[in-house]
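Every chain is numbered from 1, with letters handed out A, B, ... down the list of sequences. Source: prediction; values computed, not measured. The figures that follow rest on heavy atoms only: side chains count, while hydrogens, waters and symmetry mates do not.
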Amino acid sequence: MPLNLRELSAKEDLLAPGHRLCAGCTESIVVRQVLLAIQEPVVVACATGCLEIGTSPFPFTSWRVPWIHVAFENAAAVISGVETAQRSLVRQGKLPDRPVRFLAFGGDGATYDIGLQWLSGALERGHHFTYICLNNEAYMNTGIQRSSATPRGGWTTTSPVGKVIPGKREPRKDITAIMAAHNIPYVAQATPHGWKDLMTKVRKAVAVDGPSFINVLSPCTRGWRHELDEGIELSKLAVDTCIWPLFEVESGVWKLSHRPSRKKPILEWIKSQGRFSHLLRPENQHLVEELQVEVDHDWEKLLRRCDAGGPL
Amino acid sequence: MTQTRVMKDTLATSPRVVALNGASLVAEAIRQTDPDVVAAYPITPQTILMEAFSQMVADGRVRTELVTVESEHAAMSVLIGACAAGARVQSATSGAGLAFMWELLWCASGMRLPIVMHLVSRSLSAPLNILGDHSDVMGARDTGWVQLFAEDGQEAYDNALQAVRIAEHPEVLLPVMSAQDGFSISHSVERAEVLPDELVRSFIGTYAPAHSLLDIERPATFGANDDRQFFALHKRQQYEAMERALGVVSAVGQEYGDLTGRSYGLLEAYRLKDAELAVVLMGSAAGAARAAVDKLRAARVPAGLLKLRLYRPFPAAAVAQALAGKRAVAALDRSAIFGAQGGALFLDVCSALATHGAAPRMLSYVYGLGGRDTVPSHVEQVFRDLEAVAREEPALPAQRFLGLD
């Protein structure tokens with residue numbers, strides 16, 4: 001099925017409406033894009049988090065596909081168990097051999113922090129599954145606490161802006177590069193604004209023979225302090241400012257998916273969200289400048305990687 | 001029933017007699033049950049068990065997919081996913097490995113997944129100690145797993161096979177932990193009888209779960225979240241399933257006896273009927289306790305032993321019945337609860353007796369911590385203490401440490 005709106009609009013949504021995610025949340029949009037992209041049957045594992053809580057309040061479920069949640073840190077291990085069961089049962093003739101796609105969804109807390117070991121282990125073991133990080137750059141489900149995905153300078157409730165400390169002091173962890181360093185067949189970054197890019201990447205990810213990982217920036221109205229209708233636009237601005245570049249790593253080859261025609265200054269990104277509002281104070285001017293240096297540095301590094309076709 | 005008899009006549013009469021340690025016997029049991037998925041992480045003293053099983057996988061002697069995970073927590077995560085996907089699954093661990101799984105032990109039981117786990121029990125750090133005691137298994141006593149204890153390698157093997165039937169029983173659907181004492185059983189070579197593969201296969205049957213993640217046409221949600229309206233209701237259902245396990249453990253143990261000549265109940269009484277002084281314990285120390293009972297009986301001391309095979313669900317009525325009319329009872333725990341009025345087994349025995357209207361004098365002993373030897377003379381000392389308290393002599397300390405006091 002081609003990836004066009006006419007075809008996609010005729011396809012059944014596998015995440016039912018009526019879920020309890022916040023108004024303005026981009027996670028359900030990402031999940032629907034992911035599920036619409038995949039043409040084979042899927043089984044989904046979810047880490048504990050907003051998506052899990054918002055879609056499975058017993059006795060209701062939003063999932064029109066087989067779905068499992070166990071705990072916060074172990075979605076990758078759980079889906080690797082499901083995938084192993086499928087392999088075992090098919091090999092023994094206990095189940096018919098048919099293509100099934102195995103997906104895990106986790107937030108940045110589940111992916112960057114508490115679940116990193118389980119994810120790394122499942123990637124190393126080579127299970128055939130796709131892990132999708134719904135990265136909203138903080139622990140939003142528990143009320144906006146900092147994660148290792150929170151950008152430097154960002155306000156959260158555990159990296160608050162105080163009289164002596166201006167928000168989070170540490171830079172983000174580059175989890176996408178860490179995933180690529182596992183030498184798995186497919187790794188990518190995406191956003192819900194670039195829906196066709198995201199869905200193409202999902203199709204590539206589920207088709208490879210082995211594990212794959214996609215890091216999707218998922219704006220959060222509550223945590224980022226933006227208006228309900230701004231999430232998708234913000235996910236575009238993140239790409240245009242190069243704080244969230246779109247790229248993919250296919251069999252170790254780094255490829256830029258989109259080069260902004262005009263790279264926007266990071267100040268536009270900072271001005272767009274309440275979580276950065278303190279950075280606009282005169283005394284924090286130097287932090288904005290430092291952030292720009294950081295973004296520029298990371299962007300140049302990415303371009304060199306992509307030009308070279310591999311990690312430097 | 002006729003079919004069972006035929007099986008017994010044709011197959012059960014020819015068990016293999018082997019000399020193996022407890023770990024190898026359980027590896028053999030796993031091979032014979034041929035699970036769809038096994039996931040495990042090595043830890044002393046369980047390591048030799050999984051090494052033996054890995055070799056069986058490498059030699060193509062099982063159809064199992066073995067997942068060599070990066071931690072015990074991942075092992076249990078993999079099994080929860082695989083079991084929810086309709087696979088028959090098993091694992092094995094020890095000590096800190098079980099502790100690391102602790103969060104997921106609750107998930108496995110709460111999700112009503114019939115996972116079988118073989119435990120080679122070991123102490124918990126600190127101080128670091130890799131030797132046998134029951135700190136790990138007793139730390140998991142409230143996690144909703146059925147818990148079986150073995151006295152020797154033969155029982156560990158027999159329990160391992162029965163665990164599959166107990167876990168998957170439609171009235172139960174709970175995970176089962178089958179424990180053997182680290183080193184004293186796992187690394188001790190003993191004579192044992194191993195059943196023919198075909199008999200094991202017919203005994204455990206096939207697994208056909210009502211719901212599976214791989215039932216694509218009937219998508220099911222596993223692990224939804226409960227608000228205050230539903231959580232307690234689900235927990236009560238789980239409690240009731242655990243209560244039903246009592247009857248299922250008995251029935252499966254009986255059926256196993258019909259097939260093999262080795263019947264199992266919830267507990268085992270040794271020279272207990274006419275005893276006035278009783279020791280209650282679980283695991284490999286039962287051998288030392290039997291020797292002590294025999295020696296004291298020869299000296300006309302009315303000593304008896306109660307060995308529990310099933311710890312969770314706690315067979316309270318059977319324990320109370322077995323200990324009814326005794327003058328003094330000592331519970332021997334191979335783990336300590338700090339700040340409690342005695343060991344976990346002691347507290348369970350006390351509550352069983354109290355709720356069934358019996359009130360013997362009760363003593364609590366901790367023994368065998370971190371691999372410390374327990375020999376018949378230690379248990380004889382317990383009976384001497386029981387004689388003293390039965391004569392209404394001054395009360396002993398609430399918690400005694402066997403061999404240390």
For B:Met242, does its backbone N or O pair with a side-chain atom of B:Arg312 as donor and acceptor, under 3.5 Å?
-> no
Quick one: which of B:Glu103, B:Arg88, B:Arg218 has the most heavy-atom pairs under 4.5 Å with chain A, could you say?
-> B:Glu103
Heavy-atom pair count under 4.5 Å with chain A, highest-scoring of B:Cys83, B:Ala75, B:Gly110, B:Ser77 = B:Ser77
Check each atom of B:Asp36 against the heavy atoms of chain A and say whether the ones under 4.5 Å are side chain, backbone, both or neither.
-> both
What part of A:Val43 lies closer than 4.5 angstrom to a heavy atom of chain B: side chain, backbone, both or neither?
-> side chain
Between A:Asn215 and A:Tyr112, is any side-chain donor less than 3.5 angstrom from a side-chain acceptor?
-> yes
Is there a side-chain contact between A:Thr176 and A:Val187, using heavy atoms and a 4.5 Å cut-off?
-> yes
Part of A:Arg64 within contact of chain B (heavy atom distance under 4.5 Å) = backbone
Residue pair A:Ser212 / A:Tyr131, side-chain donor-acceptor N/O under 3.5 Å = no
B:Phe53 ring centre to B:Arg31 NZ or CZ under 6.0 Å, with the angle to the axis within 45°?
-> no
Compute whether any side-chain donor of one residue and acceptor of the other, for A:Thr142 and A:Gln145, lie under 3.5 angstrom apart.
-> yes
The interface call for B:Thr68 against chain A, heavy-atom contacts under 4.5 Å, is backbone
Among B:Leu213, B:Asp215, B:Val37, B:Thr206, residue most engaged with chain A (heavy-atom pairs, under 4.5 Å) | B:Leu213
Under 4.5 Å heavy-atom distance to chain A, tell me which part of B:Gln229 shows up: side chain, backbone, both or neither.
-> neither
Could you check whether the rings of B:Trp102 and B:Trp106 sit parallel, tilted or perpendicular, using 30° and 60° as the cut-offs?
-> perpendicular
Can you say whether B:Ala220 sits under 4.5 Å from chain A via the side chain, the backbone, both, or neither, judging by heavy atoms?
-> backbone
Contact class of B:His211 relative to chain A, heavy atoms under 4.5 angstrom | neither
Out of A:Val42, A:Ile53, A:Val100, which one racks up the most heavy-atom pairs below 4.5 Å with chain B?
-> A:Ile53
Using non-hydrogen atoms only, which part of B:Ser212 is less than 4.5 Å away from chain A: side chain, backbone, both, or neither?
-> neither
Aromatic ring pairing A:Phe72/A:Tyr139, orientation class (parallel under 30°, perpendicular over 60°, tilted between) | perpendicular
Identify which part of A:Glu124 has an atom lying under 4.5 Å from any heavy atom of chain B, answering side chain, backbone, both or neither.
-> neither
Cationic N near anionic O, under 4.0 Å, A:Glu83 to A:Arg87 | yes
Most contacts with chain B, counted as non-hydrogen pairs under 4.5 angstrom, among A:Pro59, A:Cys46, A:Ala76, A:Ala75 = A:Pro59
Top of A:Ala71, A:Pro57, A:Ser80 for chain B proximity - count of heavy-atom pairs under 4.5 angstrom | A:Pro57
Given a strict heavy-atom distance threshold of 4.5 Å, which part of B:Ile216 is in contact with chain A: side chain, backbone, both, or neither?
-> both
Side chain / backbone / both / neither for B:Met76 at chain A, heavy atoms under 4.5 Å = neither
Lys/Arg N to Asp/Glu carboxylate O, B:Arg122 vs B:Asp136, below 4.0 Å | no
How about B:Asp227: does its CG atom have over 12 heavy atoms from other parts shown lying under 6.0 Å from it?
-> yes
